[in-house]
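To start, the structure under review is shown below, and the notes come after it.
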Amino acid sequence: MRTGILGGTFDPIHRGHTEAATAVGSQVALDRILFMPAGDPWQKTDRDVSPGFHRLEMTRLALEWVAGLDVDSREIDRHGPTHTIDTLESFDSAEELFLIVGADAAVGISSWHRASDVLSRATVVVLPREGVDLETAARAVPEAVFIEMKPIDISSTTIRQLVRMDLPFDHLVAQRVAEYIESNGLYADVPVNR
Ligand code: ATP
Ligand code: MG
């Protein structure tokens, strides 16, 4: 089994995530791609991350009808933040793992907990990200596979700002995710710059 893992906060999941993952599926031979929402932070970080059940539900709604992309709730179920290496080690050792990251995340991999174990357990697959230099990412993770695609200029940060400012954001997320955000009043009262 060759499994791709795309971790993130998914607050909210957006079309950049799903389109980039679909591109991975067409360029790397994988049996499945798992979207893995991160567990809730123990302490407040720079902003309040939405509770795990909201992020998990939005991820489910976005992927329900998408072949090849699945949701994995193990990090949310475990509660609290998880190191990537713990997640990788929770898979059967017979599984070949592909850790999918945006170029922004790839740049910081060497600072991750047990980074060398992460790199030996999984093949890193890097997605281009608007405004991030791919050569910097390639220097940070020389052994990575780079997906060839035009960067998709969407971030969850932008979506949260649009919601907060009461501007249209539906074109950036799946329709059911837009409905979920509205019916649960997500992001409506976070400061605009977060
Ligand atoms: P935020 O703005 O809150 O950081 P985000 O849009 O970066 O949100 P994350 O949940 O942080 O989304 O991202 C999860 C993973 O997906 C990260 O590895 C990130 O680099 C990658 N990613 C996010 N958006 C894109 C995109 N538009 N294209 C390619 N990769 C992306
Ligand atoms: Mg991010």
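The basis for the numbers below is simple: all heavy atoms, side chains too, and nothing from hydrogens, waters or symmetry mates. Numbering of ligands and ligand atoms starts at 1, following listing order. Computed from a predicted structure; not experimentally measured. Numbering starts at 1 and runs along the sequence shown.
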Return a yes/no value for Asp153: is any of its N or O atoms, backbone included, closer than 3.5 angstrom to an N or O of ligand 1? no
With a cutoff of 4.0 Å, is Pro128 in contact with ligand 1, counting heavy atoms of the residue only? yes
In ligand 1, the atoms that come under 4.0 Å of a heavy atom of Thr9 are 10 (O), 11 (O)
With atoms numbered from 1 as shown, which atoms in ligand 1 lie under 4.0 angstrom from a non-hydrogen atom of Gly16? 27 (N)
Is the closest N or O pair between Val101 and ligand 1 shorter than 3.5 Å? no
Residue Phe10 vicinity, atoms of ligand 1 by number, heavy atom under 4.0 Å: 10 (O)
The atoms of ligand 1 lying under 4.0 Å from a heavy atom of Ser155, numbered in the order shown, are 2 (O), 6 (O)
Any N/O pair Ala103/ligand 1 closer than 3.5 Å: no
Hydrophobic cluster partners of Val132 (side-chain heavy atoms under 4.5 Å): Val107
Please identify which atoms of ligand 1 are closer than 4.0 Å to at least one heavy atom of Gly8. 10 (O), 14 (C)
Check whether any N or O atom of Ile100, backbone or side chain, sits under 3.5 Å from an N or O atom of ligand 1, and answer yes or no. no
Would you please indicate if the ring centroids of His14 and Phe169 are separated by under 6.0 Å? no
Select the closest option to atom 22 (N) of ligand 1 among Arg129, Met36, His14, Met149, judged by heavy-atom distance. Arg129
Are any non-hydrogen side-chain atoms of Thr123 and Leu97 less than 4.5 angstrom apart? no
Indicate yes or no: does an N/O atom of Gly102 lie under 3.5 Å from an N/O atom of ligand 1? yes
Which atom names give the shortest non-hydrogen contact between Arg55 and Ser50, and what distance separates them? NE-O, 2.7 Å
Side chains of residues 136-148: which donor-acceptor partners sit under 3.5 Å, not counting sequence neighbours?
unit_1: Thr136; atom_1: OG1; unit_2: Asp133; atom_2: OD2; d: 2.8

If the cut-off is 4.0 Å to any non-hydrogen atom of Arg160, which atoms of ligand 1 fall inside it? 3 (O)
Which atoms of ligand 1 are found less than 4.0 Å from any heavy atom of Gly7? 14 (C), 15 (C)
Just wondering, do Glu64 and Arg176 contact through their side chains at under 4.5 Å, heavy atoms? yes
If every non-hydrogen atom of His54 is compared with every non-hydrogen atom of Tyr180, which pair is closest and at what distance? ND1-OH, 2.7 Å
Determine whether Ser156 and Thr9 make a side-chain contact, defined as any pair of heavy atoms from C-beta on separated by less than 4.5 Å. no
Look at ligand 1 and say whether Ile154 reaches it with a heavy atom at a distance under 4.0 Å. yes
Give the C-alpha distance, both sets of side-chain angles, the deciding distance and a yes or no for side chain to side chain contact (heavy atoms under 4.5 Å, CB included) between Leu88 and Ile5. CA-CA 9 Å; Leu88 298 179; Ile5 300 168; 3.8 Å; yes
Counting from 1, what ligand 1 atoms have a heavy atom of Asp104 closer than 4.0 Å? 19 (C), 20 (O)
Measuring from non-hydrogen atoms of Pro151 to any atom of ligand 1, is the shortest distance under 4.0 Å? no
Do we get Arg74 above Phe91's six-membered ring, with its NZ or CZ under 6.0 Å from the centre and within 45° of the axis? yes
